[in-house]
> 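Once you've had a glance at the structure underneath, I'll fire off some questions.
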Amino acid sequence: MLSMNNKGFTLLEMLLTIFIVTSFFTLFISNINNPDLSWIYFSNEYVEKQADSLINRKDNNINNYLIHFNSNGKVNKAQTINIGNKNIIIHLGTGYFTYEE
């Protein structure tokens, strides 16, 4: 009669263990380093709307933040907007913005 030798793991047990371990690592690593990029999206929209105002010589708005560009690409209201962990400062009359942590 053949005797079964149970001194090792089966392929299924090994694959299941590897799957569980990699799942935990994936969840753990994705939660550790998840930067807030919403200020970059704001920055891209800001520059896009400002360029549109300059090229087409028309007024333009960023409605989510109540920013209005005139046909010269300049803003008519200075303000500070908090996005994520950054303060974005919009400078009056120039159309420039800066950010600080």
> Counting distance only, does the side-chain N/O of Asn70 pair as donor-acceptor with the main-chain N or O of Gly73 below 3.5 Å?
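Between the backbone of Gly73 and the side chain of Asn70 there is a qualifying donor-acceptor contact (under 3.5 Å).
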
> Using side-chain heavy atoms (C-beta onward) and a distance below 4.5 Å, is Ser53 in contact with Asp59?
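No - every pair of side-chain heavy atoms lies 4.5 Å or more apart.
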
> Going by heavy atoms in the side chains, are Asn72 and Arg57 under 4.5 Å from each other?
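Touching, per the 4.5 Å side-chain cut-off.
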
> Give the C-alpha distance, both sets of side-chain angles, the deciding distance and a yes or no for side-chain contact (heavy atoms from CB on, under 4.5 Å) between Asn61 and Lys49.
CA-CA 7 Å; Asn61 295 312; Lys49 297 286 187 174; over 6 Å; no

> Mind checking the OG1-CG spacing from Thr98 to Asn87? Nearest 0.5 Å is all I need.
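Between Thr98 OG1 and Asn87 CG, I get 9.5 Å after rounding to 0.5 Å.
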
> Could you tell me whether the side chain of Phe19 reaches within less than 4.5 Å of the side chain of Leu15, counting heavy atoms only?
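Side chain of Leu15 against side chain of Phe19, heavy atoms only: no contact under 4.5 Å found.
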
> Tyr41, Trp39: one ILVMFWY side-chain cluster at the under-4.5 Å cut-off?
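As far as the 4.5 Å side-chain criterion goes, Trp39 and Tyr41 are connected within one cluster.
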
> Between Ser38 and Gly84, what is the shortest heavy-atom contact and its length?
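Here Ser38 and Gly84 meet closest at OG-N, 4.2 Å.
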
> Just by modelled atom types, is the Ile62 backbone N or O under 3.5 Å from a matching donor or acceptor in the Glu45 side chain?
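Not a single qualifying donor-acceptor pair exists.
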
> Shared ILVMFWY cluster between Ile40 and Ile88, side chains joined below 4.5 angstrom?
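Yes, Ile40 and Ile88 fall within the same hydrophobic cluster.
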
> Tell me whether Tyr65 shares a hydrophobic cluster with Phe97, the cluster being built from Ile, Leu, Val, Met, Phe, Trp, Tyr side chains joined at under 4.5 Å.
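In one cluster with Tyr65: Phe97, yes.
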
> Just how far is it from atom NE2 of His91 to atom OG1 of Thr80, taken to the nearest 0.5 Å?
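Here the interatomic distance stands at 8.5 Å.
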
> Should Leu54 and Val75 be counted in the same cluster of Ile, Leu, Val, Met, Phe, Trp and Tyr side chains packed under 4.5 Å apart?
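Leu54 does not cluster with Val75.
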
> Measure the spacing between CZ of Phe69 and CG of Asp52 and express it to the nearest 0.5 Å.
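CG of Asp52 is found 10.0 Å from CZ of Phe69.
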
> Is Tyr46 close to Ile81 at the side-chain level, that is, under 4.5 Å between some pair of heavy atoms?
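SC-SC contact between Ile81 and Tyr46 ruled out.
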
> Between Glu101 and Lys86, does any NZ, NE, NH1 or NH2 come within less than 4.0 Å of an OD or OE carboxylate oxygen?
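Between Glu101 and Lys86 there is a salt bridge, with a charged N closer than 4.0 Å to a carboxylate O.
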
> Report the residue from Ile18, Thr17, Thr22, Leu16 that forms a side chain to side chain contact (heavy atoms under 4.5 Å, CB included) with Ile20.
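Going through Ile18, Thr17, Thr22, Leu16 one by one, the side chain to side chain contact (heavy atoms under 4.5 Å, CB included) with Ile20 is satisfied by Leu16 alone.
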
> Supply the atom-to-atom distance Lys77 NZ to Leu92 CG, rounded to the nearest 0.5 angstrom.
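So the gap between those two atoms works out to 11.0 Å.
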
> Identify whether Tyr96 and Ile90 are in the same connected component of the hydrophobic contact network (ILVMFWY, side-chain heavy atoms under 4.5 Å).
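Each belongs to a different hydrophobic cluster.
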
